[in-house]
Amino acid sequence: MEASFNPHAIERSLYAEWEAANYFAPQGGEGYCIVIPPPNVTGSLHMGHAFQHTLMDTLIRFQRMRGRGALWQMGTDHAGISTQMLVERQLNAAGKTRAELGREKFIERVWRWKRESGGNISAQLRRMGSSLDWSRERFTLDEGYAQAVVEAFVRLHEDGLIYRGQRLVNWDPALGTAISDLEVINKEEEGSLWHMRYPLCDGLKTPDGQDHLVVATTRPETMLGDTAVAVHPDDERYRALVGKRARLPLVGRELPIVADRYVDPAFGSGCVKITPAHDFNDNALATRHDLPSINVLTEAAAINDNAPAAYRGLDRFAARQRIVDDLNALGLLAEVQAHKLMAPRGDRSGAVIEPRLTNQWFVKIATLAAPAIRAVQDGRIEFVPKGYENTYFAWMRDLQDWCISRQQWWGHRIPAWYGPDGAIHVGRDEADARRRAGLAGDVALRQEEDVLETWFSSSLWTFATLGWPEQTADRKRFHPTDVLVTGHDIIFFWVARMIMMTLKLTGEIPFRQVYVHGLVRDAEGQKMSKTKGNGLDPLDLIDGISLDDLLEKRTANLTQPHLAPAIAKATEGEFPNGIPSYGTDALRFTFCALASTGRDVRFDLSRTEGYRNFCNKLWNAARFVLMNVQLEAMSTAPVPGLADRWIKSRARSMVAAVTAALETYRFDRCANQIHEFAWREYCDWYLELAKPVLWDERTAPSQRSAVQHTLLQVLDLLLRTAHPLMPFITEAIWREVAPLLGTQGPSIMLQPYPLAEDLPADPEAEAAIDWLKSVVTALRNIRGETGIKPSQEVRVLLRGGAARDRELAAATEALVRRLAKAESMQWLDADAAAPPSALGLVGSLEVMVPLAGLIDLDAERRRLSKAVERKQAELRRLQAKLENRKFIDNAPPEVVEKERTKRAEAAVRMVALTAQLGSLS
RNA sequence: GGGUGUUUAGCUCAGUUGGGAGAGCGACGGCCUUACAAGCCGUAGGUCGCAGGUUCGAGCCCUGCAACACCCA
């Protein structure tokens, strides 16, 4: 083995080997399944993916080693809108448009792009070590999957759960399509509030003598589509006018004045203009009052022919300006106020969204939502952490019908056909639709142009990937899947819809648990994004990147190029030397260590560095073991010593804790346990305890054999325990170690996960080594604080203590002397005077190092004074507690007893410390 | 405006049923000790957001407040 760990030397070849040997496909055993949240087929890996995939792979590897037939289902998503946008942008850059190309040519082009760039994400997933079953890979637009989507649509339609209707939808004028509520981001923006005068008809006047009403709006251009003015029914100012009429300026239409509780009388003048075709609230009000809707906008959000000629063809913002000017010229603009408003923008395009009346396809939600709520209520599906269940319920309880049609080309074309009479015929294909409708072959049918939104197809993900609608063997074995691992940002988009659709179409839940993890943020807690230029590419952490390359990557192709200098400056500040290469295992271990209870994680590169060091530590521990194990010595029957028994007992606790942590998705605890055990116990203590036994020629062969066996056994066990988190380094080391243990098998992946029960609990050995550690630590403390050179051997005197201390001292003397670098260890009688010494206490045992010219007296006095002070404070606290009558009367006897013992111990120590301090002055 | 979450060491975070405040990183001091300087040994550092309450006892339970974050309107 090389002297230090080099991830690049092992990662790619090990992965290729695993994949070629088909180790990622489920073997025998009870099925266990996780489906990958399908990444965008043309996308690339970001930190969120890397985080999520680390957690999933850890679970899959863990269950695989426990003997489950573990399937991590691979697949990608066609990602309708974003993929179409991407290819369209390429087209535009080449001076062409989608319309010029036509539907078929355009789709062909997207497929070509998919073939060219679709392998990108797959290659990156492999670099993360993800043990996905590539042989079962699916794509939401592949043939079988497309059939499943059609099947789902047809069945829902047959059940009356899908309908086409004219409804107000969120319209993205930049993309020319409807989008769902979830795809609209409401953000506060600076705008204006225009107060406009609408004259009253028939010479009417308000109670305060005005001949007009004042209405306020943030969107003056919509006034062209106004069909009413509304006031609150209890508003005294306008009560007399309800039922009368006002005249719409610029248009001339007469508007009824209606009363509705929706109006807030305290806002503005208390009068509201009603534009049913362009506002959700107004639309609802219009339905209540049976008002007409007048659409005044085109698909591109320009004014259409329903408006007066003067405004036709104007873009909505140009029209706004013109209307404001015209009203002003007529003296009808009462006031303009600065105003903060919630502006709806499309999450893909960034364009201001228009509510717009269009014909769309919808899924009726009410009957789907109820069973989906029940499935979580009665515990068949469990969210981890549980708190997210409330979020889920709140959202599910007031859910609108789901608009599933998109005016796009890239996606599943809706399987509906229009007859010459406009009648709609749904079927699995055109012939099926014709058959169902009883139409003759010569009746011309025209297929719906719209496609289904992406989430419709991905809501079928758990079962469509397993062969639905067929009842395949895979489906039987792996569905319902065991856990869905996902971010809280897509609970609504995806999780809720999967639950609804899966229950409806298969009668099964899609998964038993939903593990919701947090989002990955940068060191400042900011969301990582291309725009902000604060993103990290997981592969750059694995492979490293120079500052120049990083700067280039972060500032190239910015949507807001003026931010480039600021981004460059921040980047230089944070990574003055670029990013070193940490390797996949260190990155994965970081993600696990940061993944606590579903909260967002601030990604901290210094953690990754620490875990890279941990990898190196493991590597070198293995080197040490391999250097010190000789097969011939191990043939002697081993007789385990205290240290051997101790480390195995500790390993037992570690395995139990790690297993419990993984079973409850506490990846942070899992990582901490492994780190703590490997470094603080196995390396810091066990290897050091092993050295004297291994290197002392007088050691009995049976003892040496025991140490060598234990070194190997515990290392093997540690590697297997850590494998799910850090697959590469554990495999590389294991291949060196396993043959020495006589273990057969090509890969650690296929080894059984350690069981705590297989290891002996040994409280006696644990107590003995704990004592040893205390004594050694006390001596090291004296060395460090009093300035005794590490190379300087010391004499150790022991005094006081109990019979137990004498036993333990006898049992561990050789080890203590070695670890504390003590030339001798001598007992003094309890009442014997000690030479001037530095003192440490282990319980009531006094551990002393005679001064004899090697100790800085002042330093020792300072150290002792500090110890006395602390002890005094402790004693005072305990004393006060035990003098408190209420405590004695009310606390459980064992707690009181514990406090008494502590007081007694503290008192003894206090005496020893004070006496020692006295003897030095 | 409604809801959820967060607030613990300089930084990032643990803290399971209420019973002596923890880790990593960073800081400081000392070491090239024959696996590892990506290392070893030692040390310092906290009014657990604020104010009340329950309790013999509160980081943990209850109430109120504040700040921040996110979701929804």
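- Using a 4.0 Å cut-off, no side-chain N or O of A:Arg780 falls inside it from OP1 or OP2 of B:rG30.
- If you check B:rU34, B:rC31, B:rA14 against the side chain of A:Pro790, the one that comes closest is B:rC31.
- Comparing B:rG24, B:rA14, B:rU43 by their nearest atom to the side chain of A:Asp668 picks out B:rA14.
- In a base pair of the Watson-Crick type (N1 to N3 plus N6-O4 or O6-N4) or a G-U wobble (N1-O2 and O6-N3), with each distance short of 3.5 Å, B:rG39 is matched with B:rC31.
- Taking the centre of each ring, A:Phe667 and A:Tyr515 come in below the 6.0 Å mark.
- Here the closest non-hydrogen pair linking A:Tyr682 and A:Val625 is OH-CG2, 3.4 Å.
- With a cut-off of 3.5 Å on both Watson-Crick or G-U wobble distances, the partner of B:rG64 is given as B:rC50.
- Salt bridge present: A:Arg863 and A:Glu860 bring a charged side-chain N and a carboxylate O closer than 4.0 Å.
- With B:rA38, B:rA35, B:rU12 as the candidates, the nucleotide lying closest to the side chain of A:Asn616 is B:rA38.
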Donor-acceptor list for residues 651-663 of chain A side chains, cut-off 3.5 Å, not counting sequence neighbours:
unit_1   : atom_1 : unit_2   : atom_2 : d
A:Arg652 : NH1    : A:Ala756 : O      : 3.4
A:Arg652 : NH1    : A:Leu759 : O      : 2.6
A:Thr659 : OG1    : A:Val655 : O      : 2.8
A:Glu663 : OE2    : A:Arg66  : NH1    : 3.3
A:Glu663 : OE2    : A:Arg66  : NH2    : 2.6

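- For B:rG39, the OP1/OP2 oxygens have a side-chain nitrogen or oxygen of A:Asn613 closer than 4.0 Å.
- Nearest nucleotide to the side chain of A:Leu687, out of B:rA35, B:rA73, B:rG15: B:rA35.
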